[in-house]
Amino acid sequence: MATELEELIGFLSAPSPPVKKIAVDIVRDYTGSEDGLESLGKYSNVVLPSLSRLLGEKKVVSEPAAQALVNLSQKPELAGKMVEMHMVRTSMETLYKQDCEITSLLIMLLVNLTQLDAGIDSLLQSADEKMHGLYVMKLVRSFCSSSCEGKVDPFEHVASVLVNISKKEDGRKLLLDQKRCLLKQIVRNDSKSLLRKRGVAGTIRNCCFEAENQLQNLLLISEFLWPALLLPVAGNKVYSEEDTRKMPLELASALSIEREPVTDPEIRVQVLEAIYLLILQEAGRRAFWSVNGPRILQVGYADEDDPKAMEAYERAGSLLIQESGLDEELTETSS
């Protein structure tokens, strides 16, 4: 004899729209608690496909179905089952259907699924040589063209997806592929959204782990890369003409005037770690000197008060000690 929960899950496939609506709302509410998630997890082979089929329906049904899937996907074992049943493909196909009304929820679902290596592989379409990277290209294009300052930004959570996929070597290689220019598009994203800023900084940092083998590809976008990395850690000072004349125009212009400081220490730590990875390479250090990067680190460090960020400044500065004594100056500033 079927339990009440089994009957409820069965109603997700009911032909009657009102019955289906009531059922999906109750299932969504179930996923709001740990006990509910555990109970539904026991029927994952039935509930997950049933909720997936509802994603293409009208918003009154698809929205609670997507909310339920987002909540369920926080459990790694359930996220793994979703990946196995091609939930990444279903999410992407639904996301790019005309008049999709659950965009933000689908992106949040992708964020959770790409916490898993299998989810990243699925989004990268690693198993399909002809389609490889298509999903990511679509997401990057949407992310870079949809920033809505002061309004609902349905694609802002793509920032977290990009951080997730760039944790894997295959993801970094895709973003650094010069034919696709994906990292260049991401770096150029200019938004006041903290989520977007953190995502961009984290993605750049992860991609810089490829600096040993892909430094040239990184430096090819230096016009956009150095401002993205250096402006957050340049401190609050208006730089002198003596300092800025040694910088490229895009940096000099920004640092010659008063500007809004980057108050989030997480972003500063991420870009400093990216700088460190770049200047580990000799060509990276030369490029860093060419934009007067050491001076920017020195000034930024003087304004820094976050312990983790200060440590990141010092770590980057230590690589330049033999060439300039900068590390010594940083230490003196902190004492």
Side-chain angles (χ1 to χ4, degrees), residues 159 163 183 186-209 211 218-219 221-240 242-244 246-281 284-321 323-335:
V163 171
L183 185 62
I186 295 164
V187 170
R188 295 178 67 181
N189 185 260
D190 185 22
S191 171
K192 294 182 180 179
S193 161
L194 181 59
L195 178 59
R196 280 177 171 263
K197 286 181 176 180
R198 283 182 174 176
V200 170
T203 302
I204 296 172
R205 172 208 178 253
N206 290 345
C207 285
C208 286
F209 277 100
L218 285 160
L219 294 181
I221 61 169
S222 59
E223 176 185 355
F224 309 103
L225 183 62
W226 288 128
L229 293 179
L230 287 169
L231 290 179
V233 293
N236 305 321
K237 173 185 174 181
V238 175
Y239 282 61
S240 68
E242 181 182 355
D243 287 333
T244 58
K246 302 172 186 175
M247 300 176 188
L249 181 61
E250 57 272 11
L251 271 175
S253 299
L255 296 177
S256 298
I257 58 175
E258 289 189 5
R259 57 199 176 277
E260 187 176 336
V262 174
T263 57
D264 183 50
E266 181 181 324
I267 293 174
R268 298 198 298 277
V269 169
Q270 286 177 335
V271 298
L272 285 164
E273 288 177 350
I275 290 169
Y276 175 82
L277 292 167
L278 289 172
I279 63 177
L280 273 173
Q281 311 304 316
R285 287 195 297 278
R286 287 199 303 269
F288 191 65
W289 278 100
S290 74
V291 297
N292 209 12
R295 175 58 178 162
I296 293 174
L297 285 188
Q298 184 183 0
V299 173
Y301 183 83
D303 287 337
E304 187 57 68
D305 57 8
D306 180 82
K308 289 184 178 179
M310 291 176 74
E311 184 179 342
Y313 273 104
E314 291 163 7
R315 188 177 183 219
S318 68
L319 291 178
L320 307 166
I321 187 171
E323 300 176 57
S324 70
L326 175 67
D327 190 64
E328 211 172 289
E329 294 178 31
L330 290 179
T331 304
E332 288 175 3
T333 306
S334 64
S335 59

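Looking at Y276, its side chain never comes within 3.5 Å of a backbone N or O of L319 through a donor-acceptor pair. Judged by distance alone, with hydrogens and angles left aside, the side-chain atoms of N206 form a donor-acceptor pair with the main-chain N or O of V163 at under 3.5 Å. Using modelled atom types, no side-chain atom of S253 and backbone atom of E250 make a donor-acceptor pair closer than 3.5 Å. Looking at R285, its side chain does come within 3.5 Å of a backbone N or O of I279 through a donor-acceptor pair.
Smallest separation of non-hydrogen atoms from A201 and Q270: CB-OE1, 3.3 Å. Nearest heavy-atom pair across A234 and V299 is O-CG1, 3.7 Å. Across all non-hydrogen atoms, the minimal contact from V238 to S256 is CG1-O, 3.2 Å. Here the shortest heavy-atom pairing between G235 and D303 reads CA-OD2, 3.4 Å. Between C207 and L218, the shortest heavy-atom contact is O-CD1, 4.2 Å. Closest approach of R196 to S191, counting heavy atoms only: CD-OG, 3.3 Å.
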Steps toward side-chain contact (heavy atoms from CB on, under 4.5 Å) verdict (V262, V271) = CA-CA 11 Å; V262 174; V271 298; over 6 Å; no
Give the intermediate values and the outcome of side-chain contact (heavy atoms from CB on, under 4.5 Å) for residues I296 and L251.
-> CA-CA 10 Å; I296 293 174; L251 271 175; 4.3 Å; yes
Can you check salt bridge (Lys or Arg N to Asp or Glu O under 4.0 Å) on D264 and R198, steps first, answer last?
-> CA-CA 9 Å; D264 183 50; R198 283 182 174 176; 2.9 Å; yes
Just do the side-chain contact (heavy atoms from CB on, under 4.5 Å) check on I204 and I186 with the steps written out, would you?
-> CA-CA 9 Å; I204 296 172; I186 295 164; 5.7 Å; no
For side-chain contact (heavy atoms from CB on, under 4.5 Å), just list the numbers for I267 and L194, CA-CA rounded to whole Å, side-chain angles, deciding distance to a tenth of an Å, and then say yes or no.
-> CA-CA 9 Å; I267 293 174; L194 181 59; 3.9 Å; yes
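From L297, atom CG reaches atom CG of N292 across 10.0 Å, with rounding to the nearest 0.5 Å. To the nearest 0.5 Å, atom CZ of residue F288 and atom CD1 of residue I275 are 5.0 Å apart. Of the inter-residue distances, the one linking E242 atom CD with T244 atom OG1 reads 9.5 Å to the nearest 0.5 angstrom.
At a threshold of 4.0 Å, the pair E304-R268 counts as salt-bridged, since one of the basic side-chain nitrogens sits closer than that to a carboxylate oxygen.
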Pair up each side-chain donor or acceptor in residues 223-231 with any protein partner under 3.5 Å, not counting sequence neighbours, and list the distances.
none

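Pairs engaging residues 227-239 under the side-chain hydrogen bond (donor to acceptor under 3.5 Å, both in side chains) rule: none recorded [sequence neighbours left out].
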